[in-house]
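Worksheet: the structure to be examined is printed underneath.
Note that ligands are numbered from 1 as they come in the structure, with each ligand's atoms numbered from 1 the same way. Remember, it's a predicted structure, so these values are computed and weren't measured experimentally. Any value given below was found using the heavy atoms of this structure, including those in side chains, with hydrogens, waters and symmetry copies removed.
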Amino acid sequence: MYKVNCLNPIAKCGTDLFGDNYTITENTNEADAILVRSAQMHELELSKDTIAVARAGAGVNNIPLDKYASEGVVVFNTPGANANGVKELVIAALIYGSRGIIGGANWCQENKADEAIGKTAEKAKKAFAGSEIKGKKLGVIGLGAIGAQVANAAVGLGMEVYGFDPYVSVDAAWNISRAVKHITNVNDIYTDCDYITIHVPLLDSTKGMVDAEAISKMKKGVIFLNFARDILVDEEAMVKAVAEGHVAKYVTDFANPTVVGKENIIVTPHLGASTAESEDNCAIMAVKQIRDFIENGNVINSVNYPRCDAGLCQYESRVTVCHKNIPNMLTQFTGLFAKLSINVPEMVSKSRGDYAYTIIDIDGKADASMVDEISKIDGVLRVRIVK
Ligand SMILES: NC(=O)c1ccc[n+]([C@@H]2O[C@H](COP(=O)([O-])OP(=O)(O)OC[C@H]3O[C@@H](n4cnc5c(N)ncnc54)[C@H](O)[C@@H]3O)[C@@H](O)[C@H]2O)c1
């Protein structure tokens, strides 16, 4: 029986997919796997039993990825599972950033006691007039699961869309409308676009990437949307640019003291993926990935180990190894089975940065002594018999 601990509430449609072989435990220390949404894990020491962490969502800055990788703990996320939810809110933000929808709705609320509100509204409405997005230029920085959907939807709404992503995945690229213009220098987005939306992950390389210099290059009157992470943007500089009228609106999904309560800054409380559908999709994807890892040893959508998929095991046993990405590991694994006269009909090994993961299918019964022998090899972080 495998034990799973949920550090945050996880949608039941997901946890229901753990079959009879799984139980949900309140005790993190006895968990084989952990499901998490936004709970901070940086201070959390995992027990030796924990082999996997799955984040039901995309961002993983609440999880110490490298530390867990060094302990042989595979961390998963659920890329794309909440992309539609975020895309819909970004499209809404393009429109509520351009029209006085929020101010107008607030005005109606504030004037609820006015018996003649119908008439007064006709006079008041000119304060909430806006502009349409059709025909305007939208720059999308980051064309992953969310950015690609935003770009396509904006094309559908008649916008001229420019996309910048030097590392775009083949999968994402296939799904991007041909109407999206490929931009190779982000400065072209800054200088040319009426609207800019950012959809990159928070990494050392992207932190603060929209800095004062980038903002100064933007077209006067630009509307900037941030539904990725607040610290991608130098928000002090952004607030200044909005106050000076260089940026017409900053629309962000991340509330913090720098941005709330400021004129022409529209803040929502991290609502991007706050839909029943997104939460369900993330939970379902996270649970399926954890099960595939526990039961088959496959690593799909990990953020600290390479993708490594050997499908279902067709042989007598399967052993998996988390190890360092250093020379001579595979020869030592196969050498060990050769010494035991056990055939290795299939082996898949992948690396990512400092770490690697190997799935070894064998024509023989895997046992604890093999695990001990492999564990003794320098650079091996965790060994598991999955079949
Ligand atoms: N507001 C919300 O509720 C919410 C919900 C989900 C995700 N997010 C945020 O949105 C981000 C994007 O999510 P996603 O699912 O689209 O991720 P993703 O990994 O599918 O896509 C990110 C894209 O950014 C690109 N990229 C990386 N560095 C870049 C750079 N310097 N310049 C341009 N492109 C770069 C990558 O190549 C990739 O294509 C997440 O990392 C998360 O921070 C927010």
Phe227 heavy atoms within 4.0 Å reach ligand 1 at atoms 1 (N), 2 (C), 4 (C), 8 (N), 9 (C), 44 (C)
Do Phe333 and His323 have ring centroids that are under 6.0 Å from one another?
yes
among protein heavy atoms, the one nearest atom 1 (N) of ligand 1 is Asp253 OD2, 2.9 Å
Using a 6.0 Å distance limit plus a 45 degree cone around the ring axis, check whether Lys181 lies over the aromatic ring of Tyr162.
yes
Salt bridge (charged side-chain N to carboxylate O under 4.0 Å, His left out) assessment of Arg99 paired with Glu132
CA-CA 8 Å; Arg99 311 280 295 264; Glu132 298 178 22; 5.3 Å; no
Is there at least one pair of N or O atoms, one from Tyr167 and one from ligand 1, spaced under 3.5 Å apart?
yes
Is the shortest heavy-atom distance from the side chain of Val4 to the side chain of Phe18 under 4.5 Å?
yes
Would Ala145 count as being in polar contact with ligand 1, using the rule that some N or O on each side must be under 3.5 angstrom apart?
yes
Once you restrict to heavy atoms under 4.0 Å, what part of Arg229 touches ligand 1? Side chain, backbone, both or neither.
side chain
Could you tell me which atoms of ligand 1, counted from 1 in the order shown, lie closer than 4.0 angstrom to a heavy atom of Gly142?
24 (O), 33 (C), 34 (N)
Per atom 10 (O) of ligand 1, closest listed option by heavy atom (Ile146, Ile189, Thr252)
Ile146
Of Arg307, Arg55, Gln289, the residue whose pairing with Asn301 passes side-chain hydrogen bond (donor to acceptor under 3.5 Å, both in side chains)
Gln289
Is the number of heavy atoms from other residues, nucleotides or ligands within 6.0 Å of NZ (Lys219) greater than 12?
yes
Is the shortest side-chain heavy-atom distance between Ile51 and Val74 below 4.5 Å?
no
Against heavy atoms of Thr206, which atoms of ligand 1 measure under 4.0 Å?
28 (N), 31 (N)
Flag the pair Pro79 / Met285 as yes when at least one side-chain heavy-atom distance between them is below 4.5 Å, and no otherwise.
yes
Any idea which of Asp165, Val200, Thr268, Leu271 brings a heavy atom closest to atom 25 (C) of ligand 1?
Asp165
How would you list all residue pairs meeting side-chain hydrogen bond (donor to acceptor under 3.5 Å, both in side chains) that involve residues 197-209, not counting sequence neighbours?
Thr197-His199
I'd like to know if Glu45 pairs up with Lys67 as an ion pair, taking the criterion as any Lys NZ or Arg NE/NH1/NH2 lying under 4.0 Å from an Asp or Glu carboxylate oxygen.
yes
Trace of the salt bridge (charged side-chain N to carboxylate O under 4.0 Å, His left out) decision for Lys376 with Glu373
CA-CA 5 Å; Lys376 281 183 204 152; Glu373 284 305 307; 3.1 Å; yes
Distance to 0.1 Å, residue and atom name: give those for the protein heavy atom nearest to atom 32 (N) of ligand 1.
Phe164 CE2, 3.5 Å
With heavy-atom distances below 4.0 Å as the criterion, list the atoms of ligand 1 near Leu143.
39 (O)
Would Asn82 count as a polar contact of ligand 1, with the cut-off being nitrogen or oxygen pairs under 3.5 Å?
no
Hey, does Gly59 come in under 3.5 Å of ligand 1, counting only N/O atoms on both sides?
no
Does any N/O atom on Leu203 come nearer than 3.5 Å to any N/O atom on ligand 1?
no
Can you tell me how the ring of Tyr22 sits relative to the ring of Tyr2, calling it parallel under 30°, perpendicular over 60° and tilted otherwise?
tilted
Determine, considering heavy atoms only, which of Ala228, Gly80, Ser205, Ala83 sits nearest to atom 42 (C) of ligand 1.
Ala228
Residue and atom name of the nearest protein heavy atom (relative to atom 21 (O) of ligand 1), distance in Å to one decimal:
Gly144 CA, 3.2 Å
Val86 neighbourhood, listing ligand 1 atoms whose heavy-atom distance to it stays under 4.0 Å
4 (C), 5 (C), 6 (C)
From atom 24 (O) of ligand 1, work out which of Gly147, Gly85, Pro201 has a heavy atom at the shortest distance.
Pro201
Report yes if the side chains of Arg352 and Tyr357 come closer than 4.5 Å at any heavy-atom pair, otherwise no.
no
Atoms of ligand 1 close to His199 [distance to a heavy atom under 4.0 angstrom, numbered from 1]
12 (C), 22 (C), 23 (C), 24 (O)
Within the structure, does Ala273 bring an N/O atom to less than 3.5 angstrom of an N/O atom in ligand 1?
yes
Using a strict 4.0 Å cut-off to heavy atoms of Pro166, name the atoms of ligand 1 that fall inside it.
32 (N), 33 (C), 34 (N)
